[in-house]
Amino acid sequence: MVSFKSYYFFQASIVIVLLFMIMHMTPSFARLHMNKVSNKENQVINDICSKTTNPSNCLRLLKSISGTSTADLKGIAKIVLDLARSNATKTLDLINTLIPKTHDFRLKEGYRTCSEVYDNATDEINNAKSDFIQGDYSGMNEQASGAMTEAVTCDNETQGLPIDPSVRKGNQDLQNLCEIILVIANLLKGSN
Ligand SMILES: *[C@@H]1O[C@H](CO)[C@@H](O)[C@H](O)[C@H]1NC(C)=O
Ligand SMILES: *[C@@H]1O[C@H](CO)[C@@H](O)[C@H](O)[C@H]1NC(C)=O
Ligand SMILES: *[C@@H]1O[C@H](CO)[C@@H](O)[C@H](O)[C@H]1NC(C)=O
């Protein structure tokens with residue numbers, strides 16, 4: 001009777017020990033797997049950023065955007081295209097609210113030019129997105145490069161003017177995002 005009980009006790013302890021081992025192994029398996037995955041994704045981000053004019057800036061930007069660490073090249077393309085669109089739209093809305101509030105004639109003119117070119121930039125980003133969806137990576141490249149030029153034009157046309165810092169930052173953000181889109185379009189072209 002006693003030995004029967006202790007036999008069950010022995011079995012139960014083996015089960016408990018095994019359970020403990022599994023519980024302790026699972027997180028390290030998960031960690032291993034996650035490390036593998038994020039190394040792989042970092043490689044995609046590294047590939048993109050190494051081809052930009054400011055790789056460390058590009059790395060900081062892409063790593064700060066949620067979803068990029070688990071996305072492949074096309075996934076990152078979609079995220080950055082959507083971000084560029086919402087970015088350009090927000091800057092355009094800001095510019096349009098600044099125009100009637102601005103009494104400095106030259107600055108008002110500058111904002112008007114920016115509003116026009118940002119209107120075109122939002123169109124171009126939309127076109128880049130549909131080109132991307134259709135697999136037309138040359139078109140995607142051209143449209144992104146167009147949108148990038150719009151941001152540079154707004155910047156040029158307001159040089160030396162007391163422009164709102166958020167518009168200045170919007171120009172820079174749009175240029176950075178468009179450059180990333182350009183690089184991705186070229187990588188996708190190369191993989192065709
Ligand atoms: C534009 O994108 C940048 C990242 O490039 C982000 O930091 C910034 O908050 C965005 N701005 C707007 C107005 O959405
Ligand atoms: C915006 O795009 C339209 C149509 O492509 C073009 O005719 C116009 O000149 C562009 N405007 C600016 C300010 O670039
Ligand atoms: C912006 O200004 C720079 C420097 O003056 C010039 O090289 C560039 O061609 C201009 N770009 C646009 C789109 O106006």
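Values below: every heavy atom of this structure, side chains too, minus hydrogens, waters and symmetry copies.
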If we only count heavy atoms from C-beta on, is the Val44 to Asp72 side-chain gap below 4.5 Å? no
Would you please say whether a donor-acceptor pair under 3.5 Å links the side chains of Arg168 and Thr158? yes
Would you mind reporting whether Tyr118 and Thr89 have side-chain heavy atoms less than 4.5 Å apart? no
To the nearest 0.5 Å, atom CG of Asn186 lies from atom CE of Met140 at 9.0 Å
N/O donor-acceptor pair under 3.5 Å between Thr102 side chain and Lys108 backbone: no
Examine distances only and state if a side-chain atom of Glu150 and a backbone atom of Asn120 form a donor-acceptor pair shorter than 3.5 Å. no
Joint cluster assignment, Ile184 & Met148, ILVMFWY side-chain distance < 4.5 Å: no
Euclidean distance, Asp131 CG relative to Ile181 CD1, rounded to 0.5 Å: 11.5 Å
Main chain of Ser145, side chain of Thr149: is a donor-acceptor contact present, judged purely on distance under 3.5 Å? yes
Within the structure provided, determine whether Ser115 and Ile99 are in side-chain contact (heavy-atom separation under 4.5 Å). yes
Val80 vs Leu62 side-chain heavy atoms within contact, under 4.5 Å: yes
Close side-chain approach of Asp82 and Lys129, heavy atoms under 4.5 Å: yes
Do Thr68 and Lys63 have side-chain heavy atoms sitting under 4.5 Å apart? no
Check whether any side-chain heavy atom of Asn171 sits under 4.5 Å from a side-chain heavy atom of Leu174, and report yes or no. no
Indicate yes or no: at least one non-hydrogen side-chain atom of Ile95 is less than 4.5 angstrom from one of Arg112. no
Does atom CD (Glu109) have a neighbourhood of more than 12 heavy atoms from anything else shown, all under 6.0 Å? yes
Honestly curious: do Val152 and Leu61 fall in one hydrophobic cluster under the side-chain, below-4.5 Å linking rule? no
For Cys49 versus Leu59, what's the shortest heavy-atom pair and its separation? SG-N, 3.3 Å
Tell me whether Leu182 shares a hydrophobic cluster with Ile45, the cluster being built from Ile, Leu, Val, Met, Phe, Trp, Tyr side chains joined at under 4.5 Å. no
